[in-house]
Amino acid sequence: MSQQKTVFLETHNINNRATGLGTFNYELIKGLSELEFENLKLTLNATDIKLLENEFGNKFNYNKYSNLSRMKFFRIRKKYDLWHSVNQNIKVEPFTKTKYLLTIHDVNFAEEISSDINHKRNKLFLEKLNKATAVTYISEFAKKQTHQYFDVPNVPEYVIHNGNPITEFLETSSYVANVPTDKPFFYTIGDFIERKNFESIINMMKLIKDYNLIISGNNDKKYGEKIKQLISDNGLTNQVFLTGKVTDQGKQFFMKNCTAFLFPSIREGFGLPPIEAMSFGKPTFLSDKTSLPEIGGTAAKYWSDFDPEYMKTVLFDGLNSFENNKTENELLFKQRAASFNWKTAASEYLKVYNEILM
């Protein structure tokens, strides 16, 4: 048997499962753990090695993440055949030159922080991009956006869609919500940052009387304060409710029981929550911006602008057409969600590893 090639996965963001990147790290590892790769030895980088060992045993090797490894002098010196930079903006890099795979989730920072190529955020990203032996993108949009702002080196490029984070349906009947759920409600979830565009659906709620809106996510940031103020200023405190962060059980409870899932985000490298909602067969309404049409396909309905009257019309037209053929439409959404699979995604990453190491 030929000698195993070594691959280092910079996965320390796995510590924060509440974020999209944390979910990506974990689900990719979990997908890889279900596959055979005798020709490769994969090493994971993480703070809590014990936790990973308990779940994945000796399927992987483990490297204990240290904050110091972000500094040039303390970079990881052990030589690997391939280094996979799973999280595009992290400062953890190999000490020695090696084959290098960069996964790009989005380059929203070029739009939100600065498009100046000399800005430190862009320079950090360019360093990674210029050392890449190959690049993977999580969506066609992420690829297009990267080419729009950066000079991408002439290396192999691959688009590998993320999988569906919901791999099992949890028992939610015992879940006690911290907001009222006695009235039909629309649901959304996401980090409270400007690009999530929650204000558009709150403004729409001013025109809707018989439904509530429930929003989950970490709302103690500046944008969270803005949203709370908007709810209060418009007299919607009895109609629009913020749950704060929720557990997986909580998230599934709200998705299972909502009338529809709303996701008006204006910038998404991928967008996992709509896939999760579609897993429950829920009518899903998305903005038509960036990667979201790749996610919703022909199953979802789309807003092309955020005028409240227009959004309300799209929502209720969509709900009416959903109800007219409910069983078939539910199945359509569930099939769409099932087309995103982490095991499939992981096997595509393995294929890329092998192509680079040939």
Side-chain angles (χ1 to χ4, degrees), residues 4 6-37 40-95 98 100-105 124 128 136 138 162-168 170 189-193 216-218 220-221 244-252 269-270 272-273 276 342-343 345-347 349-350 353:
Q4 284 181 315
T6 56
V7 183
F8 183 88
L9 284 81
E10 203 307 279
T11 50
H12 90 272
N13 266 343
I14 196 170
N15 301 333
N16 190 358
R17 291 278 308 281
T19 65
L21 275 179
T23 302
F24 178 86
N25 281 237
Y26 175 74
E27 296 294 352
L28 174 60
I29 290 166
K30 197 167 154 209
L32 288 167
S33 75
E34 294 167 16
L35 300 167
E36 294 306 320
F37 43 85
L40 300 173
K41 196 69 207 165
L42 308 187
T43 297
L44 310 180
N45 197 30
T47 308
D48 194 344
I49 288 173
K50 266 277 163 278
L51 199 66
L52 293 180
E53 277 181 334
N54 288 343
E55 185 167 0
F56 303 115
N58 60 2
K59 186 83 185 183
F60 303 102
N61 282 2
Y62 303 93
N63 180 72
K64 189 163 175 59
Y65 166 73
S66 151
N67 253 332
L68 280 176
S69 63
R70 296 157 64 91
M71 298 160 133
K72 279 191 177 172
F73 183 75
F74 295 103
R75 284 179 173 172
I76 293 162
R77 295 186 182 227
K78 189 174 173 187
K79 183 93 165 76
Y80 293 88
D81 295 310
L82 171 61
W83 180 287
H84 181 183
S85 184
V86 179
N87 310 301
Q88 65 193 37
N89 298 326
I90 199 66
K91 288 179 177 166
V92 182
E93 293 289 331
F95 190 82
T98 186
Y100 189 92
L101 173 64
L102 176 62
T103 291
I104 297 177
H105 300 260
L124 176 72
K128 288 175 171 293
T136 54
I138 63 169
N162 293 342
N164 183 345
I166 292 186
T167 45
E168 57 170 327
L170 305 175
I189 184 170
D191 213 8
F192 274 63
I193 44 183
S216 293
N218 183 8
D220 59 4
K221 301 176 182 170
K245 279 164 89 165
V246 284
T247 59
D248 284 347
Q249 186 194 30
K251 177 170 64 174
Q252 290 202 19
F270 191 73
L272 291 168
E276 296 175 284
W342 275 113
K343 195 172 172 183
S347 69
Y349 279 99
L350 273 185
Y353 295 168

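Numbers here are sequence positions counted from 1.
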Worksheet item: Does K59 make a cation-pi contact with F37 (under 6.0 Å, within 45 degrees of the axis)?
Response: yes
Response to the item:
Between G31 and L35, the two heavy atoms sitting closest are O-CG, 3.5 Å
Practice prompt. Check whether more than 12 heavy atoms from other residues, nucleotides or ligands sit under 6.0 Å from atom CG of D220, and answer yes or no.
Written response: yes
Worksheet item: Any idea which heavy atoms bring E36 and L350 closest together, and the distance?
Response: O-CD1, 4.1 Å
Worksheet item: Which of these, N45, N25, T103, T11, sits in a side chain to side chain donor-acceptor pair (under 3.5 Å) with N87?
Response: N25
Fill in: side-chain contact (heavy atoms from CB on, under 4.5 Å) between N218 and D191, intermediate numbers included
CA-CA 6 Å; N218 183 8; D191 213 8; 4.0 Å; yes
Worksheet entry | Heavy atoms of other groups near K64 NZ, more than 12 under 6.0 Å | yes
Worksheet item: Distance from T247 atom OG1 to L170 atom CG, nearest 0.5 Å?
Response: 8.5 Å
Worksheet item: When you measure from the side chain of T6 to the backbone N and O of K41, does any donor-acceptor pair fall under 3.5 Å?
Response: no
Worksheet item: Who pairs with K79 by side chain to side chain donor-acceptor pair (under 3.5 Å), at least two apart in sequence or on another chain?
Response: none
Practice prompt. Enter the distance from F270:CZ to I138:CD1 here, rounded to the nearest 0.5 Å.
Written response: 6.5 Å
Discussion item. Over 60° means perpendicular and under 30° means parallel, so tell me whether Y26 and F56 are parallel, tilted or perpendicular.
Written reply: tilted
Response to the item:
CZ (F95) and CZ (R77) are apart, to the nearest 0.5 Å, by 3.5 Å
Worksheet item: So, for S216 and V246, which heavy atoms are closest and what is the spacing to 0.1 Å?
Response: OG-CG1, 3.7 Å
Worksheet item: What distance separates I14 CD1 from L21 CG, expressed to the nearest 0.5 Å?
Response: 12.0 Å
Item to complete: Would you name the heavy atoms of N63 and F8 that are closest together and state the gap between them?
Response: CB-CE1, 3.9 Å
Worksheet item: Mind checking what makes side chain to side chain donor-acceptor pair (under 3.5 Å) contact with Y349, not counting sequence neighbours?
Response: none
Discussion item. So W83 and E10, do their side chains get closer than 4.5 Å, heavy atoms only?
Written reply: yes
Worksheet item: Name the one of T43, V7, L9 that satisfies side chain to side chain contact (heavy atoms under 4.5 Å, CB included) with Y80?
Response: T43
Worksheet item: How long is the span from the CD atom in Q88 to the CD1 atom in I90, to the nearest 0.5 Å?
Response: 10.5 Å
Worksheet item: Quick one: are E27 and L272 in side-chain contact, heavy atoms under 4.5 Å?
Response: no
Response to the item:
Output for pair (I49 CD1, F60 CZ), nearest 0.5 Å, gives 13.5 Å
Discussion item. Counting neighbours of NZ on K221 that are heavy atoms of other residues, nucleotides or ligands and sit closer than 6.0 Å, is the number greater than 12?
Written reply: yes
Worksheet item: Side chains of T167 and K30: do they bring a donor and an acceptor to under 3.5 Å?
Response: yes
Fill in: Sub-4.5 Å side-chain heavy-atom contact between L82 and Y100
no
Worksheet item: Given E93 and K128, is the salt bridge (charged side-chain N to carboxylate O under 4.0 Å, His left out) satisfied, shown in steps?
Response: CA-CA 9 Å; E93 293 289 331; K128 288 175 171 293; 2.3 Å; yes
Worksheet item: Does some side-chain heavy atom of T136 sit less than 4.5 Å from a side-chain heavy atom of L101?
Response: yes
